[in-house]
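Labels below follow one simple rule: chain letters A, B, ... track the order of the sequence lines, proteins then strands, and each chain is numbered from 1.
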2 protein chains.
Amino acid sequence: MSTTSESPQRNTRQRRAVAAIMADLEGFASAQQIHDILKQRGESVGLSTVYRNLQALADADLLDALRNDDGETLYRRCSSGHHHHLVCRVCGRTVEVEGPTVERWADAVAEDHGFRDVEHTLEIFGTCGDCAS
Amino acid sequence: MSTTSESPQRNTRQRRAVAAIMADLEGFASAQQIHDILKQRGESVGLSTVYRNLQALADADLLDALRNDDGETLYRRCSSGHHHHLVCRVCGRTVEVEGPTVERWADAVAEDHGFRDVEHTLEIFGTCGDCAS
DNA sequence: GACGGATTTGACAATCGTTCCCGGCAGTAG
DNA sequence: CTACTGCCGGGAACGATTGTCAAATCCGTC
């Protein structure tokens with residue numbers, strides 16, 4: 001335990017490849033999609049390795065992870081601060097949104113009920129203008 | 001479609017058993033936990049049947065379903081209107097909360113970005129007063 | 001530049017929750 | 001009561017993810 005800053009991480013081709021994909025990607029993607037993209041680019045990386053590196057990146061708060069209704073875990077590059085997502089259920093386009101009001105409301109509600117160390121998850125789904133037509 | 005009152009559903013022992021469990025249960029439970037409880041009570045019901053009935057109840061809005069971080073689907077008896085949950089991450093105690101402000105905010109944000117047919121999910125997690133001590 | 005120890009990789013098997021399949025059973029209408 | 005139709009159950013199938021372990025790779029050091 002002690003220091004959390006420990007990062008005996010090595011700088012491997014595979015780790016770079018995964019990070020590079022995520023840097024490019026606009027929307028959410030599953031581990032398997034990322035594995036496919038890597039294969040297409042010729043940067044073949046083992047599936048296990050993709051999973052491992054995505055988890056590592058998510059643990060390091062460099063990626064956001066969420067589960068879709070099918071039970072798949074989706075990953076996406078994310079700005080660091082606290083925010084939420086507005087996701088098009090058709091094309092997957094994602095908009096980051098902030099809502100200080102909501103944050104305060106959530107904290108207030110939780111405290112009213114005597115809860116501590118409050119966190120929350122909020123996702124908004126809809127059909128974006130382009131897809132609605 | 002037409003009338004939603006259609007119920008070509010049969011009134012089986014198994015269906016009653018599952019519904020009865022859910023009526024008793026206070027917190028969230030997974031399909032497999034419910035299957036186990038049924039077995040303990042001697043009301044043995046096939047696992048497939050438990051899954052089917054839970055889904056049916058959730059489709060009928062008699063239960064709320066959500067996925068935990070392990071990818072399991074958890075079910076819980078729920079009041080019918082739209083609301084959210086405040087869940088203790090230690091003991092699982094759940095409080096239903098409403099937030100008209102949040103609903104409006106989510107809809108407004110989505111519309112600002114041209115999204116239609118907006119839905120959202122919101123869960124608040126914390127440690128309840130009892131568990132904090 | 002080569003060496004050595006530790007970390008990482010990758011192919012495959014294993015796991016876990018959930019769904020599918022299908023023969024047999026049981027509500028329900030007539 | 002009889003027939004009809006949906007439901008049940010259990011085991012196989014499935015898909016995402018994780019575990020395993022020898023071989024490859026990285027990196028500080030000589």
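Residue A:Asp70 is out of contact with every strand shown, counting any heavy-atom pair closer than 4.0 Å. Residue-level contact check: A:Asn53 touches the backbone only, with heavy atoms under 4.0 Å from sugar-phosphate atoms and none from bases. Here A:Thr12 lies in heavy-atom contact (under 4.0 Å) with sugar-phosphate atoms only.
Enclosure of atom CG in A:Asp69 is not indicated, since only 12 or fewer non-hydrogen atoms of other residues, nucleotides or ligands lie within 6.0 angstrom. Heavy atoms from other residues, nucleotides or ligands lying under 6.0 Å from CZ of A:Arg16 number 12 at most.
Checking the phosphate oxygens (OP1, OP2) of D:dC7, no side-chain nitrogen or oxygen of B:Gln14 falls inside 4.0 Å.
Between D:dC8, D:dT25, D:dT17, one nucleotide has an atom nearer to the side chain of A:Arg10 than all others, and that is D:dT25. Closest contact between the side chain of A:Gln55 and the listed nucleotides D:dG10, D:dG19, D:dT17 involves D:dT17. Of the candidates D:dT17, D:dC8, D:dG9, the closest approach to any side-chain atom of A:Glu72 belongs to D:dT17.
Residues from residues 16-40 of chain A lying near DNA chain D, meaning a heavy-atom separation below 4.0 Å, are A:Gln32 in numerical order.
Protein atom CZ of A:Arg52 is 13 Å distant from nucleotide atom C1' of D:dT25, rounded to whole Å. As a whole-Å value, the separation of A:Leu47 CG from D:dA16 P is 10 Å. To the nearest angstrom, P of D:dC26 lies 9 Å from CZ of A:Arg13.
Here the closest non-hydrogen pair linking B:Gly99 and A:Trp105 is CA-CZ2, 3.5 Å.
A donor and an acceptor atom never sit less than 3.5 Å apart when one is taken from the side chain of B:Ser48 and the other from the base of D:dG9.
At a threshold of 4.5 Å between side-chain heavy atoms, the hydrophobic network of Ile, Leu, Val, Met, Phe, Trp and Tyr places B:Leu25 and B:Val18 in one connected group. A:Phe125 and A:Leu66 fall within the same hydrophobic cluster, defined by Ile, Leu, Val, Met, Phe, Trp and Tyr side-chain heavy atoms under 4.5 Å apart, directly or through other members.
Between B:Asn11 and A:Arg15, the residue anchored closer to the 5' end of DNA chain C is A:Arg15, taking for each the nucleotide with the nearest heavy atom.
A:His82 and A:His120 have perpendicular rings, their planes meeting at more than 60° on a 0 to 90° scale where under 30° would count as parallel.
With a heavy-atom cut-off of 4.0 Å to chain B, the contacted part of DNA chain C has its first and last nucleotide at C:dG17 to C:dT28.
The existence of a salt bridge linking A:Glu26 and A:Arg77 is confirmed by a sub-4.0 Å separation between a basic side-chain nitrogen and an acidic carboxylate oxygen.
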